[in-house]
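Read through the structure below, which is laid out as structure tokens, and then see the notes.
Fair warning: this is a prediction, and the values are worked out from it, not measured in the lab.
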Amino acid sequence: MTSQEHRLTDAYLVGLTLTEALKADQSLCTALRTLEGPFDSLNDGYPEWHPAPHSFEGMVRLLLYRELTGESYRSLAQYPELAVVFDLEKIPDESVLSRTWRNRFDEATREFVTTAAHYVIKEVHDRDISAPEVRPKAEIVDDEQEAADPVEDNSFSQEEIIQTTRLARDHAFGHFDSGRASNASYEDTQFFELQTFMGMVHCGTAQGATRFQYRHGEEYSPHGDTHLRAVKQFDPEELVNGFNETTDRLLSVIASEASFRRPVTAAIDITTIPYYGEVEGMPMVSGTKDRDGRAFKFATLSIIGQNIPLVLAVEPVRESSEWDENPSNQIHRTVRRLVRRAKEQVPIETVLCDREFDSIQVFQTLSNLDVNYLIPKRVSSSERDVLEQMEGDDQEVAVESASIHVESGSHPMRLLYVPSTSGEGTAVFATNLRVGPEEAETFCQRYSRRWQIESEYKSIKGDFLAKTSSKDYRIRLFYFVFAVLLYNIWRLTDFLLKASVGGEMDYAPVITAGECVELVASSLIPHD
């Protein structure tokens, strides 16, 4: 029997042992803790002198747990009690877990973990074993089908990923200038390094600066207060302009890609960054749907669909609130600035917005910009009358003609009444396209693409945004814009890696956001 056959046999034995424990009503944690697996046959990729504080066997058990549950590296850190289960001093942070999987575990160990875990997952669901912690079978079946695909089977070396990340980085940071004196103690790039590190470890400025200095020395890295003073030097308008120039440069890297010579579908939305301090004298803080909630708000326009998902434009949102003297929010003006900026970079065919943008001014603004729109409508008395008529006539789909007349212009539009994708009731959409009843439902299915922007916000705020409690809007804006920039670099890196092996582009990335941030930081920061 070859060593690979031995290893796979050991993996299946581990899977069988865990399955039997779960059938006996043991919890997954208990089953893993008491597992007497053949871990001696696996090779620890770190030499004995390596300062890794976590035991190799403990990490194998922990990453078996991760593969069984589908938890992300970051979410594992939310369960410190797992340290006791797996005989670890503490649960490592996501960067340590990522490096362990990539560097400490060799291919044989990774295969051992996935083989054992996937055996258990299939047995749990095929035999209806009660184990609520175990992830759905569909997740690993899809993974295995993708792994069998001849295109997806191409693997990327660490060097290829690092080189591609550096290429993306080289097109990103040159357009930001704080305007500080040329003889300043630290160059702007050094502040970008620290900001990247803070996003990578998801911490605040003081803690991030201390950890960064510990890693690279006080002489090399600025203190936290120095970092904040430098960030305040970035003029908000110039910061947004720098983002626009950087985005244009990133797109130039992939300008030859055919999909970007065709008009794209874009999504506009507003995301919130919670704020918990005093609001007096804080004009950029707005209320939220939660009556007592407070937040900084940012609007974005993003490419969605099968193209590379990039954020093309960022716009601060300034609303009227009871604690400031701001004029009423003119959301159509925000939309105008976003679309104009994005159209300088790519041709836009259709814009999707959520119900927050249901406004005749928004409809006319988009029509004036010569783009199509598809926006869900709030149900008013006139729409309610149509819905009642549809119910009486036993209709599932209807199309009503309408028109917009405002000071900035007029245009014909249609209201589309289609079955809700939630399976309950009827959804109403507004569009400026000529859509008939026979095609209305299919046309409105385009709106489902908008889910990508929600996933995008989750990644920007969860993977790339450094923490801060600052009341200074310049800092809040810098942190958000920089997080969006890192997200774009991740997506560009992913695109370039996929392009290097050919095949069809799809939305799912080939490297994780955490891996990309770590690589950007390592590309910027000299080796120890």
Passes side chain to side chain contact (heavy atoms under 4.5 Å, CB included), Thr272 versus Phe296? Steps please. CA-CA 6 Å; Thr272 59; Phe296 293 95; over 6 Å; no

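- Here salt bridge (Lys or Arg N to Asp or Glu O under 4.0 Å) pairs that include residues 327-337, with residues two or more places apart or in two chains, are Glu315-Arg337.
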What verdict does the salt bridge (Lys or Arg N to Asp or Glu O under 4.0 Å) test give for Asp126 and Lys137, after you've listed the backbone C-alpha separation in whole Å, the side-chain angles of each residue and the deciding distance to 0.1 Å? CA-CA 9 Å; Asp126 290 346; Lys137 179 182 175 181; 2.8 Å; yes

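- For residues 382-409, no pair satisfies salt bridge (Lys or Arg N to Asp or Glu O under 4.0 Å), with sequence neighbours left out.
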I would like to know whether Lys232 and Phe478 meet side chain to side chain contact (heavy atoms under 4.5 Å, CB included); could you show each step before the answer? CA-CA 8 Å; Lys232 294 176 184 178; Phe478 181 91; over 6 Å; no

Name every donor-acceptor pair, under 3.5 Å, that has one atom in a side chain of residues 431-439 and the other anywhere in the protein, sequence neighbours excluded.
unit_1	atom_1	unit_2	atom_2	d
Thr431	OG1	Tyr373	O	2.8
Thr431	OG1	Leu433	N	3.2
Asn432	OD1	Tyr373	N	3.0
Asn432	ND2	Val371	O	3.1
Glu439	OE2	Gly436	N	3.0

One pair to check against salt bridge (Lys or Arg N to Asp or Glu O under 4.0 Å): Asp269 and Arg450. What are the steps and the verdict? CA-CA 9 Å; Asp269 205 349; Arg450 212 189 135 275; 2.4 Å; yes

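- One N or O on the side chain of Ser252 and one on the backbone of Arg249 form a donor-acceptor pair closer than 3.5 Å.
- The closest side-chain donor-acceptor pair between Gln361 and Ser359 falls under 3.5 angstrom.
- For the salt bridge (Lys or Arg N to Asp or Glu O under 4.0 Å) condition, the pairs that include at least one residue of residues 293-304, sequence neighbours left out, are Lys297-Glu319.
- For the residue pair Ser302 and Glu456, a side-chain donor N or O sits within less than 3.5 Å of a side-chain acceptor on the partner.
- Within the structure, every pair that satisfies the salt bridge (Lys or Arg N to Asp or Glu O under 4.0 Å) test and touches residues 368-379, not counting sequence neighbours, is listed here: Asp358-Lys377, Asp358-Arg378.
- Looking at residues two or more places apart in sequence or on another chain, you find a ring pair (Phe, Tyr, Trp, His ring centres under 6.0 Å) between Tyr447 and Phe429.
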